[in-house]
Amino acid sequence: MNRDRLWQQIQLCFDARQDPLDDETVQEGLLAHPEVLEELAELRTRLITLPAPAPRRRRRAAAAAVLVLLGAGAGSYLLRPQPLPVPDLRQDLRVLELRIGSSYAEGDASESIAIEQGLLHVTETRTRRQSTADPDVHVETEAVQSRARPEIPAHQP
Amino acid sequence: MLARDPAELALPPTDQEILALRPRLLAFLRKLAGAQDAEDLCQDCLFRALRSRHSFDANKGSLQNWMMKTAFRTFLDHKHRLGRQPSGLGAGDVRVRAPREGSAAEREELQHLLARLSDTERVVLIRFHQARESIAEIGAALGMPEGTVKSHLHRARRRLAQVQEP
């Protein structure tokens, strides 16, 4: 086996992903051409020390796709439609004002006005209580007036 | 290397001539067997060489080559003794062995050698041995026939096999 034939056999082993030193033909060739021994030893070592390959185009494309998706996700999160402010029902339905007035122009009488402010309506309730000549009989009248709210105040969280 | 006078060609090598080759033998055996076994193998090799120095024939080759052959036989015997355990390369695959870091000097030397390859040779070499792509895959990726891929690969290996003289 000449030197070129030996190298050809070594290349075949590497192509087949086999260690040339396990190949008996190569072993015999190396003993016949010991000057190749150091070269092969260097080559084996260097092949094991090869640096990692540069990122391949497919990997770069996949990485870019992931970045685009991440960006789109972050964008859609930031730009998502903000929910309309939810009014605090307890606050908006509370009695805003209660006035109690009294007069005695017609004997024993009293009157009260209650205003409730709801989501859509403002309700005003007027209650009048009068006493009759019979001290145990009282007359009570109530008038309820409701009107649409002029506007919904902005909700302050 | 120690040059021999023609008159001394018939004489067996001296202890000094044999031992002068120890660093080179040790470096060679480190690459074959790894640092852990190299020292023992080197001692074994030197012992064999000193014992059989009378069989050395300067007309058939240099003392260095004779010593390298002795070292290689020592390595093969060691491999055989291990009961054909994986030679450190797994199932015969150079890339099965964990990637080796190498010393800074080795890495620098490798970078220097890689830089001297053509772009195609370098890409083919790294794709085959590092990324473990097949010849067919590399050919398809680079748009070249498999035979051409092999040519680039073989040329790259030969260039990577250059021995830097100490």
Side-chain angles (χ1 to χ4, degrees), chain A residues 1-70, chain B residues 24 27-32 61-62 64-73 75-76 79 84 86-102 106-107 109-111 113-114 123 125-135 141 150 153-154 157-158 160-164:
Chain A
M1 177 185 284
N2 62 29
R3 194 182 152 107
D4 287 342
R5 178 76 185 87
L6 170 60
W7 265 110
Q8 198 178 348
Q9 185 66 24
I10 290 171
Q11 299 277 18
L12 286 175
C13 289
F14 279 128
D15 287 351
R17 298 194 187 282
Q18 292 171 354
D19 185 1
L21 294 183
D22 288 335
D23 187 285
E24 287 184 7
T25 308
V26 172
Q27 290 175 6
E28 289 170 12
L30 289 170
L31 290 172
H33 298 277
E35 70 277 8
V36 179
L37 277 167
E38 281 183 296
E39 293 178 353
L40 180 56
E42 289 284 9
L43 177 59
R44 284 171 82 248
T45 305
R46 287 169 182 159
L47 290 178
I48 293 167
T49 321
L50 276 179
R56 289 157 57 183
R57 200 170 295 169
R58 267 184 305 184
R59 291 178 191 158
R60 282 203 299 269
V66 168
L67 284 177
V68 166
L69 286 175
L70 285 175
Chain B
R24 192 156 193 159
F28 169 66
L29 287 167
R30 273 196 185 126
K31 289 185 171 71
L32 290 190
S62 67
Q64 179 178 302
N65 281 347
W66 183 76
M67 291 289 288
M68 282 296 167
K69 269 202 301 190
T70 307
F72 186 54
R73 283 204 176 94
F75 166 72
L76 290 179
K79 219 163 97 118
R84 300 198 63 78
S87 62
L89 299 179
D93 184 347
V94 166
R95 292 301 317 154
V96 168
R97 188 154 83 175
R100 187 173 167 275
E101 272 292 309
E106 284 176 339
R107 286 198 301 273
E109 187 179 83
L110 178 59
Q111 290 298 336
L113 287 169
L114 286 174
V123 166
L125 184 81
I126 290 179
R127 280 188 166 216
F128 184 84
H129 285 289
Q130 242 288 347
R132 297 186 54 77
E133 291 180 38
S134 68
I135 303 270
K150 277 189 183 179
L153 187 57
H154 291 188
R157 285 190 194 126
R158 286 301 299 269
L160 217 60
Q162 288 179 1
V163 175
Q164 306 292 317

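Residue numbers start from 1 in every chain, and the chains themselves are labelled A, B, ... in the order their sequence lines are given, proteins ahead of strands. Remember, it's a predicted structure, so these values are computed and weren't measured experimentally.
- Neither the backbone nor the side chain of A:Leu40 has a heavy atom closer than 4.5 Å to any heavy atom of chain B.
- Annotation: side chain of B:Leu160 is not in contact with side chain of A:Glu42 (no heavy-atom distance under 4.5 Å).
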Original post:
Please walk me through it: do B:Gln64 and A:Glu38 pass side-chain contact (heavy atoms from CB on, under 4.5 Å)?
Top reply: CA-CA 11 Å; B:Gln64 179 178 302; A:Glu38 281 183 296; 3.7 Å; yes
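- When the candidates B:Arg30, B:Lys69, B:Met68 are compared by the number of heavy-atom contacts under 4.5 Å with chain A, B:Lys69 comes out ahead.
- Looking at A:Glu39, its side chain never comes within 3.5 Å of a backbone N or O of B:Gln162 through a donor-acceptor pair.
- B:Glu109 and A:Arg46 are joined by a salt bridge, as a carboxylate oxygen and a charged side-chain nitrogen come within less than 4.0 angstrom of each other.
- Residues A:Phe14 and B:Leu153 form no side-chain contact, since every pair of their non-hydrogen atoms from C-beta on lies 4.5 Å or further apart.
- Ranked by non-hydrogen atom pairs under 4.5 Å with chain A, the options B:Leu114, B:Leu110, B:Leu29 are led by B:Leu110.
- Between the CZ atom of B:Phe72 and the CG atom of A:Leu31 there is a distance of 5.5 Å, given to the nearest 0.5 Å.
- Distance CZ/B:Arg127 to CG/A:Leu50: 14.5 Å, rounded to 0.5 Å.
- Side chains of B:Arg157 and A:Trp7 form no contact here, defined as non-hydrogen atoms less than 4.5 Å apart.
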**OP:** Evaluate side-chain hydrogen bond (donor to acceptor under 3.5 Å, both in side chains) for B:Asn65 paired with A:His33, printing each intermediate quantity in order.
**Re:** CA-CA 8 Å; B:Asn65 281 347; A:His33 298 277; over 6 Å; no
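- For B:Phe75 against A:Leu21, the heavy-atom pair with the smallest separation is CE2-CD1, 3.9 Å.
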Original post:
Passes side-chain contact (heavy atoms from CB on, under 4.5 Å), B:Phe128 versus A:Arg17? Steps please.
Top reply: CA-CA 9 Å; B:Phe128 184 84; A:Arg17 298 194 187 282; 3.7 Å; yes
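- When every heavy atom of A:Gln11 is checked against every heavy atom of B:Arg158, the shortest pair comes out as NE2-CG, 3.7 Å.
- Taking OG1 of A:Thr49 as the reference point, atom CZ of B:Arg107 lies at 9.0 Å (rounded to 0.5 Å).
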